[in-house]
Amino acid sequence: MTFGRITIVLTVILAIFLAFIYYLPAMPWFLPTAAVDEAQGIDDLLRLMMVVGGGLYIFIQGFLLYFVWLYRRKPEDGEDAVGRALHGDNRLEIAWTVAPALFIVVLTVLSLRELDKLGLNEPREGARVIVVTGQQFAWTFAYPETGITEVNTLTLQKDVPVTFNITAVDVTHAFWIPNFRIKQDATPGFTLSVTMTPNKVGEFPFRCAEFCGAGHSSMLAKVNVLEEAEYLVWQETKLAGGGPGADANPEEIAAYGLELYTAQGCGACHALEAGGTSGAVGPTHNGLGTTAEQRVEAADYTGSATTAEEYLRESLREPGAHIVEGFPPAMPPYGEDKLPEGDLNALVQMLLQQK
Amino acid sequence: MVGHIVTFVQHLQAHARQLPRLGRAGSAFLLALLLVMVGTGQALAQAPEGTANANPTLTTMLGITMGVLGVGLLTAVLISFVVWATGTRNPLIPTDEEMEHSFRRYFWFSVDHKVIGIQYFWTSLFFFFIGGLMALLVRWELAQPGLTFTPDQYNQFFTMHATIMIFLFIIPMLVGAFGNYAVPLMVGTFDMAFPKLNALSYWLVPPGALIIMAGFLAESGTAKAGWTSYPPVALQGGAGQMLWLLGVFVLGWSSIVGGMNFLVTIMNMRTKGVHYFRLPLFVWAIATTAVLAVLGTPSLAAAVTLQFMNIAFGFPFFDAAKGGNPLMWQHVFWFYSHPAVYIMILPAFGIVSEIIPVFSRKPLFGYRALVYATAGIGVLSFLVWAHHMFASAMFPWLRIPFMLTTMLIAVPTGIKIFNWLGTLAFGKIRLETPMLFSLALVSMFVIGGISGVFLGSVPVDLHLHDTYFVVAHIHYVLFGGSAFAIFGGIYYWFPKMFGRMLNESLGKIHFWLSFIGFNVAFLPMHAVGALGMPRRYADYDIAFTELNLTISIGAFLLGFAQLILIYNMLRAFQVGKVAPANPWNARTLEWLTTSPPPHYNFEEPLTVDHDPYDYGRRISSPEALPVPGD
Amino acid sequence: MNPEIARKFIANQETGTGVSNDKLGMWIFLASEVIFFAVLIAGVFVLRLRNLEDWAIHKEAGTATFLATVNTFILIMSSVFVVSAIDAIQRGKEQMMKLWLWLTLIGGCIFLFVQSLEWAELEHGLHEIGLPAGIVGGAQESIFASGFYTLTGFHGTHVAIGVLLLIYVLIRAHRGDFTPRQYNALEMWGLYWHFVDLVWIILFTILYLL
């Protein structure tokens, strides 16, 4: 085979391969659908890098395989055959130092430009603020403008920029919605602001991306991006306050309690058959109505409750009062701000019914 | 009665003369080990409640475990003393004769760099299999969605997998085993500069490993915050985490002492004619690595010290609520751990730079450029640490300088790749197993290098950071790079170290199964990460099932392939061909002596008048090249 | 090790540095130690910047700058004594060398004693301003105390190791091991001691003066 023919073959293979990797990020099995304005630039940059990197890889592999094939020791060479005594070639070496350096400079400049264009950490006009707080193992989203607070569900309005003020209370977590691309650690003692503009309606997964303990992989939330009308409906429902009235019957209260149980993400750490959860970080909630009574009466009980109901209230308001043996003191306290009295009552009533 | 005492005293006097045989290094080591054990037990017993998840039963139990080990050790020392004092020969201690020749020298405090290298070799190989087992447990859990183990167990598996592979396999194998064995031979001297310190740096490894492993005995399990041990989550780790920190501290000492020894050996003990630019690339790599170890490891030591203080005494260094700063750990930790990545890859590059010219029968192309690239990577590696923290809480503007330095490091790495290609061109390439692994490294490492450039670009990294893409990247670098070089090194130097040839066909089967298993396991990780699966997840979205199953199958194939290596080695001891002095027709100095070399390596001191890769000289027989001194 | 063979090999070496193995090794080891202390000090300093007020109050309450100044003086003097000891042995005055080394030993011991007084002082001071009693108790609430105990603790450990090694050097001095041509152990130990002294000067500046 001549050099010419090999060049043609290699060029064709290269072209097919590069075309393939150029479209790779666009396929649903390489990157999740982009759902914010900022994602486009990042995807384009990744795509470019894949082409440049892929091309370079093919180039190097091509030479590697070609040399190994061309300069293999043939039987007629004999045992002691040696190669040509080349010690180096300054011009060639300078060339292959400068060429990759140029590639690198181009990629760096493009990355810098993209980073600048994203303007992630700068304040943006008209952006809504949402305070995102991570804790083991749930996300709290607070909307200071309206006073709404939600756990594990983030509701956004399409085409309205949002500034997320990201922080954490116990350990480091990370804010990440794969469809939004951008990731930011939530570290106790720090608040970082990231601004994005969602541009697709739909429901997206929200995953904690910084290792945060036993419940790391169950520290999931969901993101709902809504059209303006639906967003306003959601906002009103939230402001009106959920939950049954004071005169509701026990079944209604318990049903609402179970709703809260799911919404608050209790299942990330606890198991409850009725709620279909199987978390193993904290003690199980199956049969809690019975076990609660036993725990209060047990000799090693360290809290101050005297009845099962009081015990459950105490476990939510100040979980440190009594840690069930064999479990870490990982449960965060749920104060009035996170769990109003009515909601607390509903949760406790529901749990007491678990016999 | 009096007669008995007199005899006993006479015995004592007679044997006191033999005291040095017990080895001062040996006794000092035993004493130090004792102190470490007692100290560990003590520190754990005193862990105040509440600062960690330290529950009293756990610390007591660990204290007792450590105490029992310590007392056992003390008993062994006492028995040895009595046996020695009464004149009976202690079966535990080899005689001088045995120290020189018998198999038993590998189980005692030898100061011969070759014995120490072989001790390192088997120890790290043992830990390779333990670490591999951890990896397979991780992949077993991830083969299907849902939980097989508890998340807590899973976290211990991946933490210990990384810890063992990094601190107890790759670093001790590349630097400890190959470095120790080959460097004094390659510079043409009789031993390391400080043979006793060399023994010390090996004998710090088993206690360090034991301390880390002791975590498995703890009630709350071993360390489970990942090998990066980010506080505050690491602070919740309790006794297992404290043992991890202690163990890493001890292993760090081993690294520092070893690094110092290598630097002095390479700077001061080269035989006549081996000036700096006649050093084989592997020696240059070990020298650079030693600088990184000496200047980087103390930073890790300081970091684990601060974290240990935080857990054990409640000093709030990393506790944000009390004025501490969780981010500080990340800076200090990565200031060591990024250079550590190069500690793990530079010697691998060194091995490849040895093997490629030998099997292409050509001088290394652009020797000096490779030397400068090695040193350049060493310097740059101290300036890039924060690229692990692009998504962290540090000032966003800090990303820019660290992105620039990170991108810069691709240039010297590229030089290496191209110079290896240049070495292949116009050669007479032989595809024996060491060469196959080296070529695979060139191929696989390029993938890891390119994905490294992706991760070095901030906007792209913000998506890929902390996902399986990063896991894929590090495995292409550390398995496709370091581990493949280690396998290449094993096939290349095994004949020198043990005097037997490994079987070629088994070697090739090992290679191809490893190569296929490796790619099946790690290539899909890029996709699963980009699709949105974060690393360190015990359970995952069902959308990722197929890819994860593929990865697990690849991992098990890769694991199985390594058994072939073990079989091949055991077989070589039984029926392997006896190795000649220079089976590969190589030109570096270690091949100028017998396989295995005698106690002082060479019959006579050498004077060298040739470069390490002198193929293409008219005289092709290797015996004609060196000019023996005097 | 067979000295015959070793000597033959050593005669054939190309010692690029011209420095003895021991000295080169010691310098490399000290470089490593410099990084260890640099990182500890930098870490504590960064934490200080986040806790300026707390730092000032706790420092005011718990440190005795006078004692520390005396201590600094003693340690610097002991470093001077080491230089004098090496100078004495170079000139063959063995008795003088021993005298200087004994003075260094006394200096080192006084330093450690005063340092322990300082720890007690800090604990007492923290208790006065209402932090929990006990060394660990007080430090659990204070970045200054945590940093102080950690830094001076590690430095103190180095001084203590230095004192132990000095005892070994002294024993050898009394056995007459050192001659004007051969005082390697003394020199190596001296390097270490100067390093420990230097670290203290930095610690003193950061913990007491600034």
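Each chain gets a letter, A, B and so on, in the order the sequences are listed, and its residues count up from 1.
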| Contacts of B/Asp461 that satisfy salt bridge (Lys or Arg N to Asp or Glu O under 4.0 Å) - sequence neighbours left out | none

| request: Using the test side-chain contact (heavy atoms from CB on, under 4.5 Å), find all partners of B/Pro326 that sit at least two apart in sequence or belong to another chain. | output: A/Thr187, A/Phe190, B/Pro232, B/Ala320

| query | Looking at CD of A/Glu38 and NE2 of B/His463, how far apart are the two atoms once the value is rounded to the nearest 0.5 Å? | reply | 14.5 Å

| note | Output for pair (A/Leu86 CG, B/Lys362 NZ), nearest 0.5 Å, gives 4.5 Å

| Should we say atom CZ of B/Phe277 is surrounded by more than 12 heavy atoms from elsewhere, each under 6.0 Å from it? | yes

| query | Quick one: what part of B/Pro357 sits under 4.5 Å from any heavy atom of chain A, side chain, backbone, both or neither? | reply | neither

| said: Nearest 0.5 angstrom please: A/Asp185 CG to B/Tyr230 OH, how far? | reply: 7.5 Å

| Which atoms form the tightest heavy-atom contact between B/Ala530 and A/Phe30, and what is the distance? | CB-O, 3.1 Å

| note | Comparing B/Leu364, B/Leu464, B/Ile447 against chain A, the one with the most heavy-atom pairs below 4.5 Å turns out to be B/Ile447

| side chain to side chain contact (heavy atoms under 4.5 Å, CB included) evaluation trace for B/Leu431 with A/Arg72 | CA-CA 8 Å; B/Leu431 289 175; A/Arg72 70 195 184 284; 5.7 Å; no

| request: Go through the atoms of B/Asn155 and report whether side chain, backbone, both or neither lie under 4.5 Å from a heavy atom of chain A. | output: side chain

| Using non-hydrogen atoms only, which part of A/Leu65 is less than 4.5 Å away from chain B: side chain, backbone, both, or neither? | neither

| message | Taking side chain as everything from C-beta outward and backbone as N, CA, C, O, which of these in A/Asp89 sits under 4.5 Å from a heavy atom of chain B? Side chain, backbone, both or neither. | response | both

| task | Could you tell me which non-hydrogen atom of B/Val460 sits nearest to which non-hydrogen atom of A/Met49, and how far apart they are? | result | CG2-SD, 4.2 Å

| Option that, when pairs with chain A are counted at under 4.5 Å, heavy atom only, ranks first among B/Ala543, B/Pro151, B/Ala373, B/Gly427 | B/Gly427

| request: Please tell me if the side chains of B/Tyr537 and A/Leu220 come closer than 4.5 Å, counting only heavy atoms from C-beta onward. | output: yes

| Atom CD1 of A/Ile42 and atom CG of B/Leu462: how far apart are they, to the nearest 0.5 Å? | 6.0 Å

| request: Report yes if the side chains of B/Asn419 and A/Glu93 come closer than 4.5 Å at any heavy-atom pair, otherwise no. | output: yes

| Side chain, backbone, both or neither: which part of B/Ala410 has a non-hydrogen atom closer than 4.5 Å to chain A? | side chain

| Engaged part of A/Ile177 at the chain B interface, taking heavy atoms whose separation is under 4.5 Å | neither

| query | Around A/Phe206, counting heavy atoms of other residues, nucleotides and ligands shown, do more than 12 lie under 6.0 Å from its CZ? | reply | yes

| request: Scan residues 442-460 of chain B for pairs that pass side chain to side chain donor-acceptor pair (under 3.5 Å), counting only residues two or more places apart or in two chains. | output: A/Tyr57-B/Ser443, A/Gln61-B/Ser443, A/Ser111-B/Ser457, B/Ser451-B/His473

| field | Winner by heavy-atom pair count (cut-off under 4.5 Å) against chain A, out of B/Leu404, B/Ile429, B/Thr406 | value | B/Ile429

| Hey, does A/Trp176 have a side-chain heavy atom less than 4.5 Å from the side chain of B/Asp466? | no

| Part of B/Val411 within contact of chain A (heavy atom distance under 4.5 Å) | side chain

| Residue selection (most heavy-atom pairs with chain B, distance under 4.5 Å) from A/Ala186, A/Cys212, A/Gly189 | A/Cys212

| query | Of all of B/Gly456, B/Gly414, B/Ser392, which one pairs up most often with chain A through heavy atoms under 4.5 Å apart? | reply | B/Ser392

| query | What part of A/Phe59 is in contact with chain B, defined as an atom under 4.5 angstrom from a non-hydrogen atom: side chain, backbone, both or neither? | reply | side chain

| query | Is B/Val233 close to A/Gln136 at the side-chain level, that is, under 4.5 Å between some pair of heavy atoms? | reply | yes

| Region of B/Leu439 in contact with chain A, defined by heavy-atom distances below 4.5 Å | both

| field | B/Phe395 portion near chain A, given a 4.5 angstrom heavy-atom threshold | value | neither

| task | Under 4.5 Å heavy-atom distance to chain A, tell me which part of B/Ile417 shows up: side chain, backbone, both or neither. | result | side chain

| query | Considering only heavy atoms from C-beta outward, does the side chain of A/Lys183 approach that of B/Thr467 to under 4.5 Å? | reply | yes

| A/Ala81 portion near chain B, given a 4.5 angstrom heavy-atom threshold | both

| task | Considering non-hydrogen atoms only, spot the tightest contact between B/Ala393 and A/Leu192 and give its length. | result | O-CD2, 3.6 Å

| Hey, what's the ring geometry for B/Phe365 with A/Trp96, parallel, tilted or perpendicular (30° and 60° as the breaks)? | tilted

| query | What's the spacing between B/Tyr540 OH and A/Arg207 CZ if we round to 0.5 Å? | reply | 12.5 Å

| field | Leading residue by heavy atom contact count with chain B [cutoff under 4.5 Å; candidates A/Pro100, A/Ala168, A/Ser218, A/Ala209] | value | A/Ala209

| Top contributor to chain B contacts, counting heavy-atom pairs under 4.5 Å, from A/Ala99, A/Ala39, A/Cys208, A/Gly54 | A/Cys208

| query | Side-chain contact, heavy-atom cut-off 4.5 Å: A/Ile104 with B/Leu408? | reply | no

| Toward chain B: residues of residues 114-123 of chain A with heavy atoms under 4.5 Å | A/Glu114, A/Leu115, A/Leu118, A/Leu120, A/Asn121

| Nearest-0.5 Å distance that lies between atom CZ in B/Phe418 and atom OG1 in A/Thr97 | 9.0 Å

| Note, B/Phe318 side chain near A/Pro188 side chain (heavy atom, < 4.5 Å) | no

| message | Counting only non-hydrogen atoms closer than 4.5 Å, does B/Arg535 touch chain A with its backbone (N, CA, C, O), its side chain (CB onward), both, or neither? | response | backbone

| field | Contact winner vs chain A - B/Asn325, B/Ile415, B/Leu421, heavy-atom pairs under 4.5 Å | value | B/Leu421

| message | Only pairs of heavy atoms separated by less than 4.5 Å count here; which of B/Lys224, B/His526, B/Arg430 has the most with chain A? | response | B/Arg430

| note | Between A/Phe211 and B/Phe158 the two heavy atoms that sit nearest each other are CE1-CZ, 3.7 Å

| Are side-chain heavy atoms of A/His87 and B/Tyr613 found at a separation under 4.5 Å? | no

